[in-house]
Protein chains: 4
Amino acid sequence: MFDALFSAPAVVEATDGRAWVRAMLDVEAALARAVAAVGLAPPAAADAIVAACGTDLVDPDELGRAAVASATPVVPLVAALRAAVPADAAAYVHLGATSQDVVDTAMMLVTGRALAPIDADLAACAARLGALAGEHRDTPQQGRTLGQQAEPTTFGAVCAGWLSAVDDARAGLARTRRTVQLGGAVGTLSAYGGHGSRVAQLVAEDLGLAPSPPWHTDRGRVAELAAALGVTAGALAKMALDVILLAQTEIGEVSEGEGGASSAMPHKRNPARAVLVTACAHRAPGLVGTVLAAMPQELQRAAGRWQSEWPTLTDLLRLVGGAAAHSRAMLAGLRVDPARMAANLRRTP
Amino acid sequence: MFDALFSAPAVVEATDGRAWVRAMLDVEAALARAVAAVGLAPPAAADAIVAACGTDLVDPDELGRAAVASATPVVPLVAALRAAVPADAAAYVHLGATSQDVVDTAMMLVTGRALAPIDADLAACAARLGALAGEHRDTPQQGRTLGQQAEPTTFGAVCAGWLSAVDDARAGLARTRRTVQLGGAVGTLSAYGGHGSRVAQLVAEDLGLAPSPPWHTDRGRVAELAAALGVTAGALAKMALDVILLAQTEIGEVSEGEGGASSAMPHKRNPARAVLVTACAHRAPGLVGTVLAAMPQELQRAAGRWQSEWPTLTDLLRLVGGAAAHSRAMLAGLRVDPARMAANLRRTP
Amino acid sequence: MFDALFSAPAVVEATDGRAWVRAMLDVEAALARAVAAVGLAPPAAADAIVAACGTDLVDPDELGRAAVASATPVVPLVAALRAAVPADAAAYVHLGATSQDVVDTAMMLVTGRALAPIDADLAACAARLGALAGEHRDTPQQGRTLGQQAEPTTFGAVCAGWLSAVDDARAGLARTRRTVQLGGAVGTLSAYGGHGSRVAQLVAEDLGLAPSPPWHTDRGRVAELAAALGVTAGALAKMALDVILLAQTEIGEVSEGEGGASSAMPHKRNPARAVLVTACAHRAPGLVGTVLAAMPQELQRAAGRWQSEWPTLTDLLRLVGGAAAHSRAMLAGLRVDPARMAANLRRTP
Amino acid sequence: MFDALFSAPAVVEATDGRAWVRAMLDVEAALARAVAAVGLAPPAAADAIVAACGTDLVDPDELGRAAVASATPVVPLVAALRAAVPADAAAYVHLGATSQDVVDTAMMLVTGRALAPIDADLAACAARLGALAGEHRDTPQQGRTLGQQAEPTTFGAVCAGWLSAVDDARAGLARTRRTVQLGGAVGTLSAYGGHGSRVAQLVAEDLGLAPSPPWHTDRGRVAELAAALGVTAGALAKMALDVILLAQTEIGEVSEGEGGASSAMPHKRNPARAVLVTACAHRAPGLVGTVLAAMPQELQRAAGRWQSEWPTLTDLLRLVGGAAAHSRAMLAGLRVDPARMAANLRRTP
């Protein structure tokens with residue numbers, strides 16, 4: 001129920017259990033191709049592994065239950081994969097990798113796949129805001145500071161300000177690093193002989209990620225990603241807050257076209273989308289703090305903080321997805337009332 | 001997938017979409033009985049409403065999608081309920097209540113239903129800790145401060161300390177207020193004539209909640225509940241951290257009976273349950289902060305912060321449920337090595 | 001500069017460096033009296049220690065600098081104390097205690113001393129709210145939900161709601177446990193022979209704290225204290241938010257008597273106190289999250305998380321002190337405009 | 001006391017009340033020069049204002065107390081400045097600016113001045129880590145995952161990992177935008193005729209900041225700055241955590257050269273600097289969350305959330321300053337024990 005209210009269908013689909021399993025299988029497939037390419041696995045074994053990875057190998061919830069014993073879904077996933085390929089290919093499954101290699105690389109894939117629809121919604125917001133800024137370049141509106149009428153501005157200037165924040169948020173998301181993770185047990189790529197860097201590079205290319213040395217307990221890039229999502233949520237929440245304030249009965253300068261119904265008061269037209277944006281965005285700062293607080297990870301692999309990143313980042317993507325989709329709908333249906341703006345300007349402060 | 005890893009089945013079941021819909025229908029049923037009891041609705045209408053509330057009236061995900069337009073699931077829920085009862089009963093559905101009355105009271109029901117299995121797991125932890133404290137009352141163990149060997153203590157004393165924190169956490173959860181919410185549109189109970197307080201009291205009794213004046217934008221009790229859950233998470237995380245530290249290869253004084261497998265290193269026995277407890281608990285403080293930050297809610301009903309409470313409290317219950325269940329399993333299988341404790345005591349610091 | 005804006009003088013004075021040093025010396029004095037009372041120290045030694053503790057023994061900033069080497073201010077404080085007493089008394093300074101005993105007990109003293117002026121401000125708020133609730137019991141006011149005019153309520157009911165939240169917050173603060181900490185190096189009270197519990201009890205009585213077994217790494221009571229402060233901040237922030245909303249130019253139902261000036265717009269009357277309350281309270285949830293996240297403390301003494309509690313709790317006390325003092329001033333000068341309330345009620349929603 | 005423990009002297013000096021007043025006066029001086037340069041003020045008036053800004057015009061604490069009435073320190077600062085210049089220059093003080101222009105631009109100046117010593121400490125950490133990585137390139141060390149011995153790595157690889165995180169953190173800080181704020185009452189630069197952009201550009205150049213359109217309620221850049229500080233704290237905390245773990249008595253592979261004393265156990269050598277780094281860094285995520293949560297700022301000027309940024313960013317700078325300075329000292333004195341590393345490698349896991 002809450003996913004429908006506080007996220008967007010495309011982002012839920014890109015981040016649910018099936019999507020995580022798909023991403024982990026994509027990583028195992030890319031790894032199989034890479035180790036075959038450098039001669040560490042027979043091509044036939046790699047083909048068999050890739051084929052098995054192309055199927056709905058495991059049920060996500062069952063995988064979750066099976067993962068409890070080891071605290072990682074990769075242990076039962078690899079077991080299922082080994083059972084699904086011919087015996088002589090089984091030894092080449094997950095070759096030289098550690099659980100974290102698969103989960104971290106999958107997390108980067110999931111992130112990229114979720115950011116696509118998020119950015120599409122943000123782009124639509126930006127386009128609409130650009131149109132509104134142009135349309136209302138000369139629509140006078142009272143500026144308000146600390147809730148008090150101050151000096152006039154224009155509604156076009158307000159929209160341009162919102163647009164600038166959305167543009168910055170998109171640029172911030174675009175700057176985040178989505179890199180492959182491949183290091184083996186303790187980050188030394190020990191199982192690949194001299195081929196470690198090459199295997200990592202091939203996996204990265206295969207999956208469309210940037211190459212990187214192992215970053216098992218160097219979580220800056222995850223924290224930066226969370227922060228960029230948090231900044232995006234904040235930019236959208238500022239716009240929603242302004243819509244809520246401007247839509248107050250006593251101000252009435254904008255309203256939501258669809259207008260939310262009330263169960264007790266049929267005459268009301270609530271700023272429902274702005275409320276949903278606010279509800280989504282309000283949850284982001286705490287989640288960003290959780291990811292930042294997870295940065296101190298022990299030695300070569302963390303005992304708990306790393307594992308907390310998976311669902312937290314998933315939630316952040318979903319909530320920002322919800323905030324972006326609801327913002328898009330809010331802006332698409334936004335009704336602007338220049339006459340009311342003019343009337344409010346004439347009131348003595 | 002993540003629910004299976006980071007929660008407990010009974011708590012997921014008590015907090016999922018179906019459980020929320022069930023709780024909201026329970027509230028509507030209790031309300032129908034109460035307004036009939038004070039003579040504001042015909043008994044037959046109440047009976048029809050109660051009967052309809054007893055069915056699986058709506059699909060939770062569909063309800064969520066239908067709720068987007070109004071930013072509240074109660075609008076489509078009430079519509080479905082009105083459609084499901086005879087025409088002359090429809091007017092008595094949701095009589096005098098506002099959406100928030102239903103959601104807040106449902107949130108209290110969901111909380112109570114989720115706390116039951118959580119407390120059962122905490123009680124099992126406490127029982128096991130009591131047994132361990134007694135069993136190891138005289139098992140000497142090195143005390144360690146800032147990671148350095150300090151002076152001897154006993155493992156029984158360590159377990160007694162863990163137990164004390166679990167007991168305190170349970171007491172804190174037991175102190176939280178679970179009250180009915182019934183105020184109508186703006187908290188004045190205006191639709192019930194002079195019967196408002198009585199209706200609210202009847203609904204509370206029916207649902208096993210405490211009576212209360214309306215608290216639409218007085219969220220202290222929700223914040224206190226979140227905080228008590230956060231304290232519980234912290235108490236369990238402290239125990240898990242100690243298990244992880246004592247299970248380090250070089251210390252080796254305890255280990256998890258089941259022992260988590262590794263995908264790269266079959267010889268390892270990881271403290272998998274302690275890792276999962278840590279991962280669950282690490283997420284709690286940010287969520288508690290989110291609920292606290294949601295306290296400033298506007299005038300008679302909030303535009304976003306209130307709505308953020310529903311999923312946040314749900315997540316908190318699930319994560320504390322996961323931490324409690326994994327702690328129980330961790331303690332049930334805990335292996336204690338008094339010989340290793342003695343050997344470590346003899347090492348020169 | 002910021003202390004003056006975002007705290008209250010009495011709370012700053014109760015929580016600054018001098019106050020912390022004073023509290024730590026009070027603990028050392030109480031400990032000296034207690035060990036003498038059970039016969040572990042000569043009365044003359046105790047007298048000398050108590051006398052030295054009564055002086056401004058050390059400069060707080062110098063103590064801070066000297067504390068860096070050991071990461072605890074107690075090491076240089078005890079050194080200074082030993083140097084300040086006769087040679088035959090020096091051995092009885094800090095007898096059987098560990099640094100954490102002194103800092104934790106001092107933290108409880110500082111908390112109690114800061115809560116006194118905070119509660120006085122809260123009590124003044126409550127008194128003023130009670131008067132307003134009575135005075136405006138029949139003053140009609142538009143109720144507003146999601147920013148939209150809904151149904152009428154009264155300003156008295158609004159004030160009664162604010163009062164209820166303040167009362168609950170005070171009750172929550174009053175429920176927090178302020179206990180002595182005395183455990184020695186690893187919590188075993190090993191240095192006192194069979195007198196440990198008695199010494200701890202005497203120190204507690206001397207300082208007006210509750211007795212308790214050692215709680216070096218059982219931080220639930222600190223987290224509960226932080227949470228109660230966070231709930232208080234939230235209750236005050238809700239009231240300030242409502243004042244800001246009701247004081248908007250277009251609503252104008254209340255205003256701050258003093259009215260904040262603007263550097264750019266001399267005609268404005270800003271809700272300055274409500275803004276300061278909001279600014280103080282906004283910082284509380286993150287700080288509460290920090291204290292909760294500090295709960296997992298290692299074995300017999302934490303390596304960093306415990307130390308983070310000292311300044312965080314100090315900040316929480318100061319910010320809640322600021323929020324309470326500014327709320328009191330805001331309410332004392334609040335101007336209520338029943339005519340404007342009536343006029344707004346007549347507007348078509 | 002706490003500043004000495006949890007910050008660095010140079011950073012405290014760059015962020016205290018005097019530093020904030022200095023920065024605000026620097027902004028007023030730059031503004032006076034700029035408006036004179038475009039012909040909006042007589043050169044003599046600008047000279048008089050600049051001269052007055054060069055003095056210790058006001059006491060920071062007194063300014064804070066005087067700021068309570070308006071909730072901004074700029075109102076009393078401007079009053080003092082006007083009183084300090086000849087009568088015919090007074091009208092040109094603060095010309096066309098709003099309080100937020102001065103505080104935001106000052107905040108950017110304070111940030112730049114605090115980041116200089118922080119980056120110097122980080123650079124020193126990086127240099128030391130580079131040397132350690134080279135020196136111990138071939139020093140075998142046990143790799144540990146989830147607290148369990150896993151496979152060998154080298155201590156040089158560990159140091160290279162720490163270095164990479166520090167380098168990334170420095171790059172992240174260098175990417176943050178430090179821009180001028182100049183918009184006038186509602187961001188329209190209305191008081192400067194057609195000269196607004198030019199005035200803003202001149203002020204920016206004068207102060208060494210980047211030019212920018214007004215960003216009064218577009219707080220992305222502040223949130224990004226906070227996030228970059230949070231990532232830096234996380235990178236340093238990870239290193240400190242590893243030092244604490246490797247310094248455990250039972251592992252003993254590194255130790256702090258200075259070694260912190262204990263008040264109860266003179267034989268101990270605590271990892272005091274690592275503990276202080278941890279304590280500083282632990283506080284950062286909550287503060288970053290607070291800044292992110294402050295992003296939704298109302299219309300043309302926020303009523304509380306903006307004001308919360310000033311002390312929060314100050315605290316973040318101080319804590320990251322403390323973490324960086326203590327990290328530098330920790331690394332400078334770090335003792336590495338290759339023999340112990342070798343011995344631990346030989347232990348059967």
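Chain naming here is simple, since letters A, B, ... match the order of the sequence lines and numbering starts at 1 in each. Note: hydrogens, waters and symmetry copies are ignored here, and every other heavy atom, side chains too, is used.
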Trainee: Identify the two heavy atoms, one from V186(A) and one from A150(D), that lie closest to each other, and give their separation to 0.1 Å.
Mentor: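 Smallest heavy-atom distance, with atoms named: CG1-CB, 3.7 Å.
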
Trainee: In terms of heavy-atom proximity below 4.5 Å to chain D, should P152(A) be classed as side chain, backbone, both, or neither?
Mentor: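 Interface part for P152(A): backbone (N, CA, C, O).
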
Trainee: Contact part of S190(D) toward chain A, heavy-atom cut-off under 4.5 Å: side chain, backbone, both or neither?
Mentor: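 For S190(D), the contact with chain A is made by the side chain alone.
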
Trainee: Under 4.5 Å, counting heavy-atom pairs only, tell me which of G234(D), A303(D), G304(D), A281(D) racks up the most with chain A.
Mentor: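 Among the listed options, the one with the most contacts to chain A is G234(D).
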
Trainee: For the interface with chain D, which of P285(A), A160(A), A228(A), S164(A) has the highest count of heavy-atom pairs at distances below 4.5 Å?
Mentor: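 It is P285(A).
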
Trainee: Minimum heavy-atom separation for D218(D) and G161(A), please, with both atom names.
Mentor: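 Taking D218(D) first and G161(A) second, the nearest heavy atoms are OD2-O, 4.5 Å.
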
Trainee: Quick one: which of A235(A), P296(A), A223(A) has the most heavy-atom pairs under 4.5 Å with chain D, could you say?
Mentor: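 Result: the option with the highest number of such pairs is P296(A).
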
Trainee: Of all heavy-atom pairs between V231(A) and G220(D), which one has the smallest distance, and what is that distance?
Mentor: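 What the structure gives for the nearest pair is CG1-CA, 4.2 Å.
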
Trainee: Check whether any side-chain heavy atom of T145(D) sits under 4.5 Å from a side-chain heavy atom of L299(A), and report yes or no.
Mentor: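 No. Closest side-chain heavy atoms not under 4.5 Å.
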
Trainee: Rounded to the nearest 0.5 Å, what separation is found between the CD atom of E298(D) and the CG atom of L241(A)?
Mentor: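 Here the rounded value is 5.0 Å.
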
Trainee: Without swapping roles, check the side chain of K238(D) against the backbone of M295(A) for a donor-acceptor pair under 3.5 Å.
Mentor: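 Checking the backbone N and O of M295(A) against the side chain of K238(D), no donor-acceptor pair under 3.5 Å is found.
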
Trainee: Counting only non-hydrogen atoms closer than 4.5 Å, does T278(A) touch chain D with its backbone (N, CA, C, O), its side chain (CB onward), both, or neither?
Mentor: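 Contact with chain D is absent: no heavy atom of T278(A) under 4.5 Å.
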
Trainee: Measure across G230(D) and L292(A) and return the closest heavy-atom pair with its distance rounded to 0.1 Å.
Mentor: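 The answer is C-CD2, 3.7 Å.
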
Trainee: Quick one: CG on L146(D) to CD on Q307(A), what's the gap to the nearest 0.5 Å?
Mentor: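 Spacing of CG (L146(D)) from CD (Q307(A)) equals 6.0 Å.
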
Trainee: Heavy-atom distances under 4.5 Å only: say whether A157(A) touches chain D with side chain, backbone, both or neither.
Mentor: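 Contact with chain D is absent: no heavy atom of A157(A) under 4.5 Å.
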
Trainee: For residues T188(A) and T154(D), determine if any side-chain heavy atom of one lies less than 4.5 Å from a side-chain heavy atom of the other.
Mentor: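 They are not in side-chain contact.
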
Trainee: Non-hydrogen atoms of chain A under 4.5 Å away: do they reach the side chain of R283(D), the backbone, both or neither?
Mentor: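 When you check distances to chain A, no heavy atom of R283(D) falls under 4.5 Å.
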
Trainee: With only heavy atoms counted, which part of L246(A) is less than 4.5 Å from chain D, the side chain, the backbone, both or neither?
Mentor: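 Side chain only.
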
Trainee: Run the salt-bridge test on R219(D) and D168(A) with the 4.0 Å N-O cut-off and return the result as yes or no.
Mentor: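 D168(A) and R219(D): not salt-bridged.
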
Trainee: Using distance alone, with no hydrogens and no angle criterion, decide if Q300(A) and T153(D) have a side-chain donor and acceptor under 3.5 Å apart.
Mentor: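 T153(D) and Q300(A) do not have a side-chain donor-acceptor pair below 3.5 Å.
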
